[in-house]
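Report on the structure given below.
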Amino acid sequence: MGTKVKKMLFILSKATIENAYAAFVMANGARMEGIESEIFFTFFGLEAIQKKKLEHLHVATVGNPGMHIPTMLGGLPGMEALATKMMKKEMEKLDMPPVGEFLEILSDSGCKLWACKLAVDMFHLKDEDLIDELDGILTIGDFYSRADQEGCQLLFI
Amino acid sequence: MDLNIAGIRLDVTEDGYLTDVSQWNKDIGLEIAKNEGIEMTDRHWEVVSWLQEQVKNDVALSIRGIKKSGVLDIKEFYALFPKGPLKISTKIAGVPKPKSCI
């Protein structure tokens with residue numbers, strides 16, 4: 001038994017609920033298996049760690065074939081909000097925590113949370129815009145240097 | 001699969017979880033803990049009894065549930081059982097392996 005994976009590094013570049021939760025569930029799942037994990041939030045992924053935005057992430061209803069909604073309908077006003085509401089309801093049934101609580105769980109579990117310096121500068125964000133659980137703001141080079149042992153895996157989401 | 005723990009032959013799952021919770025006793029818990037590299041303290045036993053209580057009451061165990069428990073927080077849970085808290089603590093407690101992903 002036992003896995004050869006020692007550390008999982010995730011790069012979250014998107015702000016949709018499905019992508020953010022994919023990163024969160026995998027990062028938390030790693031910690032629960034005794035595997036180290038870290039998430040690097042870049043570009044639109046930064047929305048997931050902005051205090052004012054993190055509880056307002058949406059499901060992508062356009063350009064998402066898995067939704068089984070014709071693309072033109074997916075673009076109608078209110079469609080995204082409706083799909084998001086439905087998905088959040090289903091997630092609550094599975095005892096999936098909301099984004100803010102999930103970030104607290106990750107941080108308490110020892111998962112490191114990093115913001116991408118380039119993207120933070122690009123979106124003109126300040127420290128106070130970002131969650132208190134954040135471990136710091138890194139360049140991509142700094143983040144690569146976190147892969148400092150055998151058995152590291154890096155995943156782009 | 002069976003396993004010889006603390007001088008008793010026990011039925012266990014492939015991952016080493018007891019199949020019959022009623023077979024559990026503290027010596028067995030201690031032996032499993034030793035195999036997992038955990039040195040049991042009073043606090044470990046408190047958590048283990050609490051987990052057994054939860055399972056008896058049909059509460060599904062999850063990390064989110066730990067956060068809400070009021071008994072211990074997630075940081076302490078990881079400090080007590082560093083290499084996979086829910087997985088290892090439930091094995092020591094003799095209860096089934098939790099199925100939750102969260």
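Here is the naming used below: chain letters follow the sequence lines, and residue numbers restart at 1 for every chain.
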So if you build clusters from Ile, Leu, Val, Met, Phe, Trp, Tyr with side-chain heavy-atom gaps below 4.5 Å, do A:Ile17 and A:Leu155 land together?
yes
Give the interface residues of residues 88-114 of chain A toward chain B, defined by a heavy-atom separation under 4.5 Å.
A:Glu92, A:Asp95, A:Met96, A:Pro97, A:Pro98, A:Glu101, A:Phe102, A:Glu104, A:Ile105, A:Asp108, A:Ser109
Mind checking whether A:Met32 and B:Lys87 have side chains closer than 4.5 Å, heavy atoms only?
no
Assigning hydrophobic clusters by single linkage (Ile, Leu, Val, Met, Phe, Trp, Tyr; side-chain heavy-atom cutoff under 4.5 Å), is A:Tyr21 placed with A:Phe41?
yes
Tell me whether A:Leu57 shares a hydrophobic cluster with A:Phe10, the cluster being built from Ile, Leu, Val, Met, Phe, Trp, Tyr side chains joined at under 4.5 Å.
yes
Only heavy atoms, only distances under 4.5 angstrom. Which residues in residues 46-70 of chain B are near chain A?
B:Ser62, B:Ile63, B:Arg64, B:Lys67, B:Lys68
Around B:Tyr17, counting heavy atoms of other residues, nucleotides and ligands shown, do more than 12 lie under 6.0 Å from its OH?
yes
Solution key, residues 118-129 of chain A side-chain donor-acceptor pairs under 3.5 Å, sequence neighbours excluded:
residue: A:Asp121; atom: OD2; partner: A:Lys117; partner atom: NZ; Å: 2.9
residue: A:Asp129; atom: OD2; partner: A:Lys126; partner atom: N; Å: 2.7

Cluster check A:Ile157, A:Phe143: I/L/V/M/F/W/Y, side chain < 4.5 angstrom:
no
Hydrophobic cluster membership, A:Leu9 vs A:Ile35, 4.5 Å side-chain cutoff:
no
For A:Gln149, look at atom CD and say whether over 12 heavy atoms of other residues, nucleotides or ligands are found less than 6.0 Å away.
yes
Exceeds 12 heavy-atom contacts within 6.0 angstrom, atom NZ of A:Lys85
no
Under 4.5 Å side-chain linkage, directly or through intermediates, the cluster mates of A:Met86:
A:Leu82
